[in-house]
Each structure stands twice: as C-alpha cells, then as structure tokens.
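Here is the structure we will look at, set down as structure tokens.
Residues: numbered from 1 along the sequence shown. Counting convention: from 1, in listed order, for ligands and their atoms alike.
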Amino acid sequence: MAATRALNLAVIGGDGTGPEVVAEGLKVLAAVAKKEGFDYKLQPFDVSGDRYLAAGGDPSKPSIPVISEEEIAQLRRYDALYLGAVGHPKIAPGILEKGLLLRLRFELDQYINLRPVRLYPGVPTPLADRKPEDIDFIVVRENTEGIYTGMGGFQYKGTPQEVSTQINCTTRFGAERCIRYAFEFARSRAKATGGAKGKRLTLVHKTNVLTFAGDTWFRAFNDVAKEYADVQTDYNHVDACCMWFVKNPDYYDVVVTDNIFGDIITDLAAVIQGGLGVAAGGNINPAGVSMFEPMGGSAPKYTGQNVINPIAAIAALAMLLRETGKNQGVETWAKAGRRIEQAILATTPKMKSQNAGKMGHSTTHVGDLVVAAL
Ligand code: IPM
Ligand code: MN
C-alpha cells in the first residue's frame with residue numbers, strides 16, 4: 001500500500017436535498033481526515049436539473065447536454081466523485097437519467113454497481129423478527145450493458161402498428177469482468193471478516209427464459225468459478241431471488257447479476273435494510289474514476305427543511321473511501337472508510353426512525369452524531 005496522499009474529490013451536490021446530505025458527508029470527511037491524518041481537496045461541480053432548466057433546457061425532451069464534454073473530461077482527473085442527487089419534478093423521465101447518470105457510468109466505464117445491503121442496528125426492517133446479523137449482504141450489479149445501452153428503437157411510431165425493441169446487449173467481456181470482480185469481492189470480504197462472510201457468491205439471472213443472455217452469464221460464471229475454489233457458488237432465477245430476499249435474507253452473502261435485474265433487486269433489498277434513507281451505491285471502475293451516491297433521490301418536497309436522513313450519503317462517503325482506498329492502494333483512505341462505517345453503527349440506534357422528518361434529529365444533527373461517534 002502506498003503512503004497516504006491528498007484525496008482529490010469532485011462533488012456534485014445536484015438537486016433537491018442532494019446538497020444537504022452531501023454537506024453532512026463532507027462534514028464527516030473533514031472529521032475523519034483530521035483523525036486519520038490525510039489531506040483532501042474538494043471541487044464542486046454545478047450539474048443539476050435546475051441548471052439544465054436555467055440554461056434553457058427543454059423539460060419535455062433532451063435539448064441541451066445535462067453535462068458537457070469538457071466537464072466529463074475534467075471529472076476524469078479526480079480520485080472519485082461524490083454525488084448527492086440529480087432529479088427534478090419538472091423534467092420528463094429519462095432526460096437527467098440518460099443525460100447524466102447513465103452517461104457518466106458509460107463514459108467513465110463504471111462497469112460495477114455496488115450495493116451493500118446491511119441492516120444497521122436500531123433500524124426497523126419490514127421483515128418480521130430480523131436482526132442486523134440476518135441482513136448483511138452485497139449486490140454486485142453489472143452497470144454498463146443489458147437493456148441500459150439504449151440499443152433498439154421504434155418502427156411505425158404513433159401508428160397502430162407501432163413496434164419498439166429494446167435490446168438486451170450482453171457481451172461475454174462485460175459479463176465476465178463483472179463476475180470476476182464479484183469473485184474478487186467475495187475473496188476480499190472473506191479476508192476482511194476473518195472468513196465469516198464472503199464464502200458464497202450467488203448468480204442471479206433468468207436462464208430459463210433468457211436462453212441467450214442468461215447462457216452467456218451462466219457459462220462465464222462457471223468458467224470463472226474454477227479459479228476461485230475458495231468461494232462456493234449458487235444460482236437463483238431473479239423471480240425466485242425476490243422471494244428469498246424476503247424469506248431468507250440471511251442466506252445471501254455476495255450476489256452478482258446483470259444490469260436490469262440488479263436495478264430491481266437492489267430496490268427490494270433497500271427496503272429490507274430499512275429504506276432509501278440508509279441505502280448507498282457505488283458506480284465503480286476499479287481502474288478508473290468511481291462515483292458514489294445515496295440512493296434516496298432528490299426528495300424535492302423536503303428540500304431546505306433540514307429533515308432528510310443523511311445516513312445514506314454518509315454511508316456512500318464511507319464506501320467511497322473504502323473502495324477508492326482499495327482500488328488505488330491507499331490504506332489510510334480505506335481505514336477512514338471503515339471508521340465511518342463503525343460510527344454509523346453507533347449512530348443509527350440513537351435515531352427514532354430513518355424516515356425524513358421522523359428521525360428525532362435534524363439532518364445536520366445526525367451528521368454531528370456521526371462525527372461525535374468517530
Ligand atoms: C439506480 C437508479 C438508476 C438505474 C436510474 C435513476 C437510471 O434507479 O441507480 O439504481 O436504473 O440504474
Ligand atoms: Mn434503481
């Protein structure tokens with residue numbers, strides 16, 4: 001591991017409550033950097049739905065870039081990106097998603113979407129009689145292929161004969177690099193937990209119907225598995241996986257899946273871990289620039305009220321430090337990330353609820369509690 005160096009962070013606060021929760025994450029970063037003894041530099045980027053509209057963007061169809069080529073080129077120079085939320089009630093679905101989030105995933109080749117599913121102590125789960133030790137797994141979702149590529153189109157649009165196709169673009173290369181990442185992740189999880197976790201990797205797909213794309217995934221999975229005799233493997237169809245996440249969440253350890261299935265099962269998983277107020281995600285290019293975000297969205301109706309839960313944003317920052325430290329070989333950052341994670345575990349039991357306005361604390365006070373717990 002390299003000696004520590006200054007962490008160069010690009011920050012996109014974004015829309016709605018994004019900037020508020022990001023501010024709490026940055027408060028925690030300031031405190032942990034001091035304690036662990038590393039420097040950092042922040043560069044805010046003004047990218048949002050608000051900016052799109054202010055620049056004359058059409059709210060009903062994409063008309064101007066949400067983020068410019070030049071801004072993307074600049075973002076490539078940072079160690080990591082920290083994103084609050086981009087989403088605007090006045091802007092039609094798809095414009096900001098495609099124009100920013102998916103664009104960055106593709107351009108920066110963030111081919112992994114990492115979604116830890118952990119029930120923090122004191123957080124209510126809708127599953128009866130489940131405790132933190134029962135819900136602690138991680139979903140590794142492919143993030144640049146499948147039906148997200150935008151391949152396909154319309155024929156005879158607007159007529160009774162309208163045809164639309166949306167192609168599930170699956171490559172052996174894309175599936176295999178994601179699967180390999182998941183096996184490596186399982187292995188490092190085993191190392192980090194002294195063998196308590198990281199023992200099993202479950203592939204989720206739909207091989208009984210998607211006999212082409214599913215077959216590519218299934219064969220790639222079994223081929224790569226031969227190199228990881230220390231990791232047990234299992235396979236679930238995606239529909240069955242949805243039942244078992246609810247019925248037997250304790251069975252899951254590391255899960256790997258394609259883009260759309262990963263999108264769907266991680267929202268189910270977010271609910272069992274206590275909701276979007278605590279769920280964080282990482283868009284990862286292990287050899288490039290990764291982006292970390294809370295999953296809760298811009299929550300426009302709570303904007304500026306100091307009531308939104310910042311735990312997900314703080315957990316996203318912890319993941320940013322851990323994964324960036326791991327991928328760039330800077331142990332101080334990884335250690336700081338683990339330290340924040342511990343502080344979160346000490347904070348959630350002091351909160352009445354994880355829902356906006358019902359936490360028993362303001363947004364800024366939850367940030368203070370995490371800092372105090374460091
Ligand atoms: C996610 C989100 C995105 C996705 C949307 C906003 C495009 O739901 O990160 O899970 O579908 O990937
Ligand atoms: Mn999603």
Options E97, R105, K98, ranked by nearest heavy atom to atom 1 (C) of ligand 1, top entry: R105
Nearest-contact summary for atom 4 (C) of ligand 1 - protein heavy atom, Å: Y148 OH, 3.5 Å
The Mn ion (ligand 2) - closest N/O/S atom in D263: OD1
Matching residue for P116 among T266, V139, I138 - test: side chain to side chain contact (heavy atoms under 4.5 Å, CB included): I138
Validation row, ring centre Y251 to ring centre F245 under 6.0 Å: no
Aromatic ring proximity, centroids under 6.0 angstrom, Y148 and F106: no
Residues, nucleotides or ligands: over 12 heavy atoms within 6.0 Å of K197 NZ: yes
Protein heavy-atom partner closest to atom 2 (C) of ligand 1 - residue, atom, separation in Å: D263 OD1, 4.0 Å
For M295, the ligand 1 atoms whose distance to one of its heavy atoms is below 4.0 Å: 1 (C), 9 (O), 10 (O)
I311 CD1 to I308 CD1 distance, which is reported to the nearest 0.5 Å: 12.5 Å
Heteroatom N/O/S of D267 within less than 2.8 Å of the Mn ion (ligand 2): no
Per-atom contacts, ligand 1 versus R115 - under 4.0 Å to a heavy atom: 10 (O)
